[in-house]
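Step one of this worksheet: look at the structure below.
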Amino acid sequence: MAKEISIVWFRQDLRLSDNPALTEAVQAGKILPIYILDDCAPKPFNIGGASKAWLHHSLENFNKSLGGQLNIYAGKTSEVIESLLQQYGVKNIFWNKCYEPWQVKQEKDVKTLCKGNDIRCHEFNGNYLWSPNEVLKDDGHYYKVFTPYKKRAYLCPPRKTVYVQDKPQCIKDEKNSISIADLNLLPKKLNWHQQMLKHWEIGEIAAQKKLDAFIANALSGYKEGRDFPGQNQTSLLSPHLHFGEISPAQIWESIDRVEGPDQEHFLSEVVWREFSCYLLYHFKRLHADNFNAKFNLFPWKDNASHLKAWQTGNTGYPIVDAGMRELWQTGYMHNRVRMIVASFLVKNLTIHWHRGRDWFWDCLVDADLANNSASWQWVAGSGADAAPYFRIFNPVTQGEKFDKHGDYTRKYVPELKDLPDKYLFKPWTAPDEVLRAAGIELGENYPKPIVDLAASREKALDAYQTLR
Ligand code: FAD
């Protein structure tokens, strides 16, 4: 293959290090590095607003790492690639596999195209520790429960990292490549993304720095601390992982070198990401259909004003409102709070998990089809290995337990900042004089609860009984 021209087709692997497709392609000769914005996902799964803004900057960073040689296109993947094959006399295409159903279809189309043109395709597992078809039960079926999946996965060593030895010799397609700005990923009118992105440094170097800082400052104590949203004890690596600015194998190897009780727990969370992708691969409609078909009959409610109150962080339940406002302001929400707000939507408000999935999809910078779908189904009770339906998070006791002194809640719901801890998660129980002293008028500058917790919990459990 020496001196042949190869396309390297980048998607969710916007990094130079530990990129198996790039590493192999560079050994084969000159490369034509390409990124194609292909709107192939059906609505509502086309790329969300926060992800678009992240992608814009991630591409800019990656282009810099490639010395400005990243070629950018918009259109149907197989058509764009077909036109490049002819123009550049391409002999090979290299890519790291992706697992959203429409990405799988893209890969199939590219393979068909290459077959007809005598081009060799080289595909790699660059984005996960294990390929989803690698970890199976003895009878060949896939695991539906996390712990046995993890046990089985741990019997096979995860993929080892690989690094490019020589500087890539890139070809710039001056004629057809468009600019990153031409992809129109940044909103024209609404400038909310500028505020949101102030919370983040984007790109491969930033991701590596974040991993190093996490290992130095937060890994010790992660197992306990990860549940407390005010403690900054999680890695915040999720958007970097989603866009492939860092690989799970790089994380695995760095963490594996560290001794300590928290290391295994952290790796286990990274394996949840593997498991979500694995479920999506084997149950291709995880994003749309209840994994447990019993839930197809669940009597969900449509309530536009409740949905709006949830989306905008105006439910009257302070920890729920803090989470939804964190999401809007930063494009991120702490995992514990994601579980609380999701439980509130699907159980206390009995609004379909699809509505929550869609809002998260648009607002999260780490919006990820597999993780988002599997997690929503987990909370809703309809998923594989889901939380039992009767486990309904109580936003008052959850707040009191996991944000005891209200650092997180006061940050995102500043109108409650002067309320004593005792009433912070249930302001409606505070005596009038306490509310007055804290400058709060319920229903005026902070909402009254939109539903009664005990009554809505009973209704949810009754609705669940109809499925039995
Ligand atoms: P850390 O605690 O530092 O964990 C390290 C990495 O492990 C994460 O970056 C992530 O890749 C993985 N991970 C951690 N927890 C989970 C989990 N429960 N499931 C799968 N992978 C996990 N995660 C996403 O990446 N994208 C989503 O769209 C998404 N949607 C979610 C929706 C709901 C309703 C819920 C309850 C959870 C969702 N999660 C999602 C999972 C989890 O909340 C985030 O991965 C985590 O909060 C990211 O923060 P971190 O990087 O600091 O995590």
Side-chain angles (χ1 to χ4, degrees), residues 12 45 47-48 50-51 54 100 127-129 146 149-150 199-200 207 210-211 213-215 217-219 221-229 231-248 250-252 254-255 262-280 286-287 310 320 323-324 326-327 330-347 353-387 391 393 398:
Q12 285 169 239
F45 303 106
I47 181 166
S51 300
W54 187 288
E100 292 175 8
N127 297 334
Y128 289 91
L129 295 164
F146 177 69
Y149 162 81
K150 185 172 90 167
H199 298 270
W200 301 94
K210 197 174 276 175
L211 174 62
F214 171 69
I215 293 172
N217 308 323
L219 179 58
Y222 172 82
K223 186 174 175 193
E224 297 300 322
R226 66 180 284 273
D227 267 325
F228 295 85
Q231 281 190 20
N232 301 327
Q233 192 108 33
T234 70
S235 71
L236 302 178
L237 282 166
S238 49
H240 302 285
L241 274 164
H242 173 75
F243 289 96
E245 297 169 358
I246 195 164
S247 74
Q250 288 173 289
I251 295 177
W252 186 277
S254 305
I255 299 286
D262 300 292
Q263 158 216 6
E264 161 53 22
H265 203 89
F266 180 70
L267 290 179
S268 187
E269 293 305 322
V270 176
V271 177
W272 269 104
R273 172 179 179 272
E274 301 280 318
F275 186 56
S276 301
C277 171
Y278 175 87
L279 288 177
L280 179 64
L286 184 70
H287 53 289
W310 179 81
V320 174
M324 298 310 294
E326 180 189 22
L327 175 62
T330 71
Y332 176 86
M333 194 193 301
H334 185 277
N335 181 62
R336 165 64 44 184
V337 192
R338 291 188 204 204
M339 293 193 290
I340 298 169
V341 304
S343 170
F344 187 78
L345 183 79
V346 296
K347 293 181 177 169
W353 64 267
H354 284 180
R355 304 288 88 73
R357 172 203 67 188
D358 295 349
W359 187 250
F360 271 33
W361 184 254
D362 203 25
C363 296
L364 279 171
V365 286
D366 66 20
D368 180 271
L369 195 77
N371 274 358
N372 199 33
S373 315
S375 302
W376 272 101
Q377 294 226 36
W378 184 87
V379 178
S382 62
D385 199 8
R391 187 170 171 207
F393 285 73
Q398 288 283 313

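All ligand and atom numbering here is 1-based and tracks the order in the structure.
Distances below 4.0 Å separate heavy atoms of Ala367 from the following atoms of ligand 1: 28 (O). Every atom of ligand 1 is numbered from 1 in the order shown, and the set under 4.0 Å from a heavy atom of Met339 is 36 (C). Here is the list of ligand 1 atoms found below 4.0 Å of a heavy atom in Leu241: 9 (O), 11 (O). Atom numbering of ligand 1 starts at 1 in the shown order; those under 4.0 Å from a heavy atom of Tyr332 are 47 (O), 48 (C), 49 (O), 50 (P), 52 (O).
Considering only non-hydrogen protein atoms, atom 13 (N) of ligand 1 sits nearest to Glu269 O, 3.3 Å. Annotation: atom 20 (C) of ligand 1 to nearest protein heavy atom, Asn371 OD1, 3.3 Å. Here the heavy atom of the protein found nearest to atom 5 (C) of ligand 1 is Phe266 CE1, 3.4 Å. What sits closest to atom 39 (N) of ligand 1 on the protein, heavy atoms only, is Arg338 NH1, 3.5 Å. Here the heavy atom of the protein found nearest to atom 19 (N) of ligand 1 is Trp272 CB, 3.8 Å. Remark: minimum distance from atom 38 (C) of ligand 1 to any protein heavy atom is reached at Ser375 OG, 3.3 Å. Looking only at heavy atoms of the protein, atom 45 (O) of ligand 1 is closest to Ser238 CB, 4.2 Å. Counting only heavy atoms of the protein, atom 26 (N) of ligand 1 lies nearest to Asp366 O, 2.8 Å.
The salt bridge (charged side-chain N to carboxylate O under 4.0 Å, His left out) check on Glu269 picks up Arg226, with sequence neighbours excluded. By the salt bridge (charged side-chain N to carboxylate O under 4.0 Å, His left out) test, Asp366 pairs with Arg338, sequence neighbours left out.
The structure places NE2 of His334 at 5.0 Å from OG1 of Thr234, a figure rounded to the nearest 0.5 Å. In this structure, Asp368 CG and His287 NE2 are separated by 13.0 Å, a value rounded to the nearest 0.5 Å.
Contact of the Ser235 side chain with the Leu211 side chain is not registered, since no non-hydrogen atoms from C-beta on lie closer than 4.5 Å. Within the 4.5 Å cutoff, the side chain of Phe344 has no heavy atoms near those of the Met339 side chain. With a 4.5 Å cut-off on side-chain heavy atoms, Asn335 and Trp272 do not count as touching. At least one side-chain heavy atom of Gln398 sits under 4.5 Å from a side-chain heavy atom of Arg336. Here the side chains of Tyr149 and Val271 are in contact, with some heavy-atom distance below 4.5 Å.
The aromatic ring centroids of His199 and Tyr332 lie 6.0 Å or more from each other. Between Phe214 and Phe266, the gap from one ring centroid to the other is short of 6.0 Å. Ring pair His240/Trp54: centre-to-centre distance below 6.0 Å.
Atom CG of Asn232 sits in a sparse spot, with 12 or fewer heavy atoms from other residues, nucleotides or ligands closer than 6.0 Å. Surrounding NZ of Lys150 are more than 12 heavy atoms belonging to other residues, nucleotides or ligands, all under 6.0 Å away.
Taking any N or O of Tyr222, backbone or side chain, at least one lies under 3.5 Å from an N or O belonging to ligand 1. Considering backbone and side-chain atoms alike, Leu237 places an N or O below 3.5 Å from some N or O of ligand 1. Of the N or O atoms in Asp368, one or more lie within a sub-3.5 Å distance of an N or O in ligand 1. Residue-to-ligand polar distances place Leu236 within reach of ligand 1: an N/O pair is separated by less than 3.5 Å. The N/O atoms of Ser235, backbone and side chain alike, include one that comes under 3.5 Å of an N/O atom in ligand 1. Remark: ligand 1 and Trp376 share no N or O pair separated by less than 3.5 Å (distance only, no angle test). When only interatomic distances are considered, the shortest N/O to N/O separation between Asn335 and ligand 1 falls below 3.5 Å.
Ligand 1 lies nowhere less than 4.0 angstrom from a heavy atom belonging to His242. Contact annotation: Trp361 has no heavy atom less than 4.0 Å from any atom of ligand 1.
With a 4.0 Å cut-off on non-hydrogen atoms, Phe214 does not touch ligand 1 at all. Looking at Phe275 against ligand 1, nothing comes within 4.0 Å, counting heavy atoms.
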